[in-house]
Amino acid sequence: MQLSEQEIIRRQSMDELNKLGINPYPAELFEVNVTSQEIHSNYPQREYKDVSLAGRIMTRRIMGNASFAELQDETGRIQVYFRRDDISPSEDKTLYNIVFKKLLDIGDIIGVKGFVFTTQTGEVSIHVTEFKVLSKSLRPLPIVKETKDEQGNVVLHDAFTDPEQRYRMRYVDLIVNPQVRDAFVKRTQLVNSMRSYLTNKGYLEVETPILQPLYGGAAAKPFKTHHNSLDMTLYLRIANELYLKRLIVGGFNGVYEFSKDFRNEGMSRFHNPEFTQVELYVAYKDYYWMMDLVEEMIEKVALDLHGTTEVKVGENVINFKRPWKRFTMYEAIQHFTGIDISEMDEVALRETCKQLHVPADATMGKGKLIDQIFGEKCEHELVQPTFITDYPLEMSPLAKKHRSKPGLVERFEAICNRKEICNSFSELNDPIDQRKRFEEQLELGKRGDEEAMTLDEDFLRSLEYGMPPTAGLGIGIDRLSMVMTNSPSIQDVIFFPQMKPEKNNEADPQKEFEAAGIRVELIPILIKLGIQSMAQLKEIKPSKIFNDIPGMWKKLKLDSVQNPTLQEIEGWQRKVVG
RNA sequence: GAUCUCGUAGCUCAGCUGGUAGAGCAUUACACUUUUAAUGUAAGGGUCCUGGGUUCGAAUCCCAGCGGGGUCACCA
């Protein structure tokens with residue numbers, strides 16, 4: 001591994017600490033009795049005479065015998081004030097002059113003890129009387145500085161913004177970009193809010209298999225894996241719907257699961273291969289009832305997260321206050337296109353698509369055409385939360401046929417910020433009808449539809465024992481989190497979004513040189529000289545290497561290394577075969 | 001998958017028609033006892049993503065690859 005100048009200096013500082021008897025990674029706990037946020041919100045109403053606080057050094061301003069630094073803990077930052085004669089009261093000023101000023105860096109984690117005061121410039125600070133190194137940071141952190149403009153808004157300078165780096169090294173992103181943390185905290189609050197809502201209603205949180213012998217409950221391509229001792233194919237679940245319904249058959253009145261699901265499909269700012277849904281099934285209810293629940297629950301989520309039902313998302317303010325607008329799909333299409341398609345047959349629908357410039361191909365049936373028109377002409381118009389109800393039968397093999405509208409099912413989606421955030425239906429509990437629908441899916445599969453559902457015999461058997469009328473719901477947690485945190489990309493609400501692996505230089509010159517018997521202390525010098533392999537080394541004149549090495553180790557300020565002799569270098573080169 | 005675009009110091013970014021690689025912050029040294037994007041003086045730091053090609057000469061132009069981002073397609 002090739003270290004940058006700054007990394008080398010930090011490692012040297014670490015060694016110095018050790019030499020001074022200071023363990024840069026002490027084992028014992030450090031007692032913390034206050035957070036930066038508590039001090040900021042309570043001081044000076046409350047006095048803080050004896051604080052003990054730990055955090056990461058984020059800025060340093062050294063001014064001779066006094067210094068300022070900012071420590072960042074989980075709740076924010078606070079300025080700390082170091083004065084030489086407080087840190088090192090005796091004649092020996094090492095602790096201040098050497099340890100604090102020279103050996104500590106931005107990024108190091110320290111604990112401080114002292115008292116809170118206000119500086120002449122009005123900054124609430126901790127006057128440090130003692131400090132302790134808790135963890136030495138060996139890599140330089142991206143330095144983000146902030147100022148305030150006339151309006152008091154925080155302006156960031158040199159912000160750590162490269163999306164690739166931010167997602168690959170989320171830990172760094174979280175350290176230097178505090179707003180990132182906020183989005184994730186809100187995501188967890190969102191889940192907690194839903195969980196408490198559902199638990200208070202008396203529903204049971206359950207766990208169902210992630211590894212499934214048959215994948216079902218949605219139309220998507222799965223990830224496939226293999227179980228060795230059973231010697232069988234297993235799939236990572238694309239949904240948990242069929243298992244939760246089995247539990248309803250088993251007699252639970254309401255079950256829900258926050259589930260990680262996996263879909264082997266394209267990625268975009270709305271799609272990650274693994275994502276989170278909450279699915280809920282409640283017996284003896286229908287989709288109208290479920291709409292009321294969704295409104296109530298999401299309104300509560302907004303209130304819990306923001307204290308108001310209004311949430312700013314991009315350019316829009318979205319208001320989750322109940323009741324939400326409700327459209328049937330036909331009404332929505334009529335509303336946005338002026339065309340009533342409710343009585344149209346397939347031919348007329350195809351003609352309508354042409355008229356509206358909606359792309360349609362010959363394989364699309366009636367249901368698909370309707371869905372296509374909706375997707376093209378309506379969905380992106382829906383910013384405020386809106387329920388769209390009564391979908392074409394063909395698109396919904398697990399939903400119950402509509403009680404009064406032939407060709408439709410009792411299904412709704414909630415659309416918000418132009419995207420689906422939930423999907424729900426009166427669940428199909430007629431085992432004969434369900435079998436027929438699965439068989440139609442199998443037909444689609446045979447015709448090449450990779451996302452057609454498989455027939456799950458055990459699920460059908462459970463329905464044959466009798467499932468009560470049930471309302472089911474799925475909410476995309478990632479999508480909803482994006483809305484609730486005003487995040488434009490799903491990667492902003494998933495800590496570690498899927499990415500291609502980092503390119504790592506497969507050749508490891510260190511190991512290769514070691515294997516050739518080159519003295520370890522000379523290897524970094526060779527690498528620094530741009531020699532990356534033994535093959536490369538062989539091409540260079542021994543006398544050149546002989547001359548270059550002393551120059552480079554002086555440059556790197558390494559402790560005295562015994563220079564290789566010309567014979568030694570020639571010996572290395574002889575080891576290269578060919 | 002298609003297409004556009006980006007890849008230069010630890011971070012943010014300049015680098016014109018091809019001519020010895022630049023700035024700010026960060027780092028190092030010195031000064032400074034209430035600073036706050038601290039300041040002043042000085043210094044060090046680069047595989048210009050990788051590999052080919054054109055050229056006397058490539059960070060710059062061309063081709064291929066790798067990685068990222070945007071848009072579209074796919075994903076009910």
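Values in this document were obtained by computation on a predicted structure and should not be read as measured data. Each chain gets a letter, A, B and so on, in the order its sequence line appears, and its residues count up from 1.
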#### Entry: Pairing partner (Watson-Crick or G-U wobble, both distances under 3.5 angstrom) of B:C72
B:G1
### Query
Expressed as a whole number of Å, how far does the C1' atom of B:C49 sit from that of B:U5?
15 Å
### Message
Nearest to the side chain of A:Ile106, heavy atoms from C-beta on, is which of B:C25, B:U34, B:U27?
### Response
B:U27
### Task
Could you tell me the separation between the CZ atom of A:Arg166 and the P atom of B:G10, rounded to a whole number of Å?
21 Å
### Task
Check whether any side-chain nitrogen or oxygen of A:Lys145 sits under 4.0 Å from OP1 or OP2 of B:A26, and answer yes or no.
yes
### Message
As a test of reading the structure: which of B:A76, B:G69, B:C25 is closest to the side chain of A:Glu420, going by heavy atoms?
### Response
B:A76
#### Entry: Nearest-nucleotide pick for A:Arg269, side chain only, options being B:U27, B:G69, B:G70
B:G70
### Task
Please answer whether the main-chain N or O of A:Phe412 pairs with a side-chain N or O of A:Thr389 as donor and acceptor at a distance below 3.5 Å.
no
### Query
Across the strands shown, which category fits A:Lys101 at heavy-atom distances under 4.0 angstrom: base, sugar-phosphate, nothing?
nothing
### Message
For a quick test of reading the model: is some side-chain N or O of A:Gln491 closer than 4.0 Å to OP1 or OP2 of B:G69?
### Response
yes
### Task
Indicate, with a heavy-atom threshold strictly under 4.0 Å, whether A:Thr59 touches base, sugar-phosphate, or nothing.
nothing
### Task
Identify whether any heavy atom of A:Met453 sits under 4.0 Å from a base atom; if not, whether one sits that close to sugar-phosphate; answer base, sugar-phosphate or nothing.
base
### Query
Are A:Glu410 and A:Ser426 close enough, and set up right, to give a side chain to side chain donor-acceptor pair (under 3.5 Å), and what steps lead you there?
CA-CA 6 Å; A:Glu410 297 206 346; A:Ser426 300; 2.7 Å; yes
### Message
Distance check, P atoms only: B:G57 and B:C25, in whole angstrom units.
### Response
39 Å
#### Entry: Interatomic distance, A:Leu103 CG vs B:U27 P [rounded to whole Å]
14 Å
### Donor-acceptor pair present, A:Asp162 side chain and B:G68 base, under 3.5 Å
no
### Query
Looking only at atom C1', what distance separates B:U12 and B:U34, rounded to whole Å?
30 Å
### Query
Within 45° of the ring axis of A:Phe100 and under 6.0 Å from its six-membered ring centre, is that where the NZ or CZ of A:Arg60 lies?
yes
### Message
Return whichever of A:Val144 or A:Arg83 has its heavy-atom-nearest nucleotide of RNA chain B closer to the 5' end.
### Response
A:Val144
### Task
Once you apply the 3.5 Å cut-off to both distances, tell me the Watson-Crick or G-U wobble partner of B:U50, or none.
B:A64
### Pairs touching residues 77-89 of chain A that satisfy salt bridge (charged side-chain N to carboxylate O under 4.0 Å, His left out), sequence neighbours left out
A:Arg83-A:Asp86, A:Asp85-A:Lys93
### Message
The side chain of A:Ser4 is closest to which nucleotide in this list: B:A76, B:G10, B:G69?
### Response
B:G10
## Note on the structure
Of the candidates B:G10, B:U34, B:A37, the side chain of A:His157 sits closest to B:A37
### Message
Once you apply a heavy-atom cut-off of 4.0 Å, does A:Phe117 come out as touching a base, just sugar-phosphate, or nothing?
### Response
base
### Task
Between B:C48 and B:A23, how far apart are the C1' atoms? Round to whole Å, please.
16 Å
### Query
B:C30, B:C13, B:U34: which one has an atom nearest the side-chain heavy atoms of A:Thr161?
B:C13
### Query
Taking atom types as they are modelled, is there a donor-acceptor pair under 3.5 Å from the base of B:A37 to the side chain of A:Glu146?
no
### Side-chain N or O of A:Gln165 closer than 4.0 Å to phosphate OP1/OP2 of B:C11
yes
### Task
Take A:Asp92 and A:Ser90 through the side chain to side chain donor-acceptor pair (under 3.5 Å) test and state the conclusion after the steps.
CA-CA 5 Å; A:Asp92 177 10; A:Ser90 68; 5.5 Å; no
### Query
Whole Å only: how far is the CD1 atom of A:Ile78 from the P atom of B:U34?
19 Å
### Message
So A:Arg77, base contact, sugar-phosphate only, or nothing? Heavy-atom distance under 4.0 Å.
### Response
nothing
### Query
When rounded to the nearest Å, what value does the distance between P atoms of B:G24 and B:C61 take?
27 Å
### Message
Which nucleotide, if any, forms a Watson-Crick or G-U wobble pair with B:U34, using both distances under 3.5 Å?
### Response
none
### Summary
Assign each of A:Ser489 and A:Glu376 the nucleotide of RNA chain B bearing its closest heavy atom; nearer the 5' end lies the nucleotide of A:Ser489
#### Entry: A:Leu156 CG to B:C13 C1', straight-line distance once rounded to whole Å
16 Å
### Message
Roughly how many Å apart are B:U50 and B:G67, using the C1' atom of each and rounding to a whole number?
### Response
11 Å
### Task
Could you work out the separation of B:U8 and B:C4 based on their C1' atoms and round it to a whole Å?
22 Å
### Message
What's the closest nucleotide to the side chain of A:Arg263 if the choices are B:A76, B:C11, B:C25?
### Response
B:A76
### Query
Using the P atom in both, what is the distance from B:A59 to B:A43, to the nearest Å?
26 Å
### Query
Do the rings of A:His335 and A:Phe327 sit parallel, tilted or perpendicular, given the 30° and 60° boundaries?
tilted
Determine all donor-acceptor pairs shorter than 3.5 Å in which one atom belongs to a side chain in residues 272-280 of chain A; sequence neighbours excluded.
unit_1: A:Asn272; atom_1: OD1; unit_2: A:Gln498; atom_2: N; d: 3.3
unit_1: A:Asn272; atom_1: ND2; unit_2: A:Glu274; atom_2: O; d: 2.9
unit_1: A:Glu274; atom_1: OE1; unit_2: A:Lys260; atom_2: NZ; d: 2.7
unit_1: A:Thr276; atom_1: OG1; unit_2: A:Arg187; atom_2: NH2; d: 3.3
unit_1: A:Gln277; atom_1: NE2; unit_2: A:Asp261; atom_2: OD2; d: 2.8
unit_1: A:Glu279; atom_1: OE1; unit_2: A:Glu241; atom_2: N; d: 3.4
unit_1: A:Glu279; atom_1: OE1; unit_2: A:Tyr281; atom_2: OH; d: 2.7
unit_1: A:Glu279; atom_1: OE2; unit_2: A:Asn240; atom_2: N; d: 3.3

### Query
Between atom CD1 in A:Ile9 and atom P in B:A9, what is the gap in whole Å?
18 Å
## Note on the structure
Between CG of A:Asn264 and P of B:G1 the distance, given in whole Å, is 13 Å
### Query
Considering only side-chain heavy atoms of A:Thr119, which listed nucleotide, B:G69, B:U35, B:G24, is closest?
B:U35
### Task
Mind running a 4.0 Å heavy-atom check of residues 60-67 of chain A against RNA chain B and sending the residues that fall below it, in number order?
A:Arg61, A:Ile62, A:Met63, A:Gly64, A:Asn65, A:Ala66
### Task
Kindly indicate whether a cation-pi arrangement holds for A:Arg170 with A:Phe495, taking the cut-offs as under 6.0 Å to the six-membered ring centre and within 45° of the axis.
no
### Task
Begin with the C-alpha distance, continue with both residues' side-chain angles, and end with the deciding distance and a verdict on side chain to side chain donor-acceptor pair (under 3.5 Å) for A:Ser67 and A:Tyr81.
CA-CA 6 Å; A:Ser67 298; A:Tyr81 173 59; over 6 Å; no
### Query
Just by distance, with hydrogens left out, do A:Thr470 and A:Glu427 show a side-chain donor and acceptor under 3.5 Å apart?
no
### Summary
The Watson-Crick or G-U wobble partner of B:U20, with both key distances under 3.5 Å, is none
### Message
I'd like to know if A:Glu5 reaches the base of B:G44 with its side chain, counting only an N/O donor and acceptor under 3.5 Å.
### Response
yes
### Task
Indicate, yes or no, whether a donor-acceptor pair under 3.5 Å links the base of B:U34 to the side chain of A:Thr121.
no
### Query
Between the side chain of A:Thr352 and the main-chain N/O of A:Arg350, is any donor-acceptor distance below 3.5 Å?
no
### Message
Base of B:U35, side chain of A:Gln79 - is there a donor-acceptor contact under 3.5 Å?
### Response
yes
### Task
Whole angstrom is fine here: how far is it from NZ in A:Lys102 over to P in B:A26?
16 Å
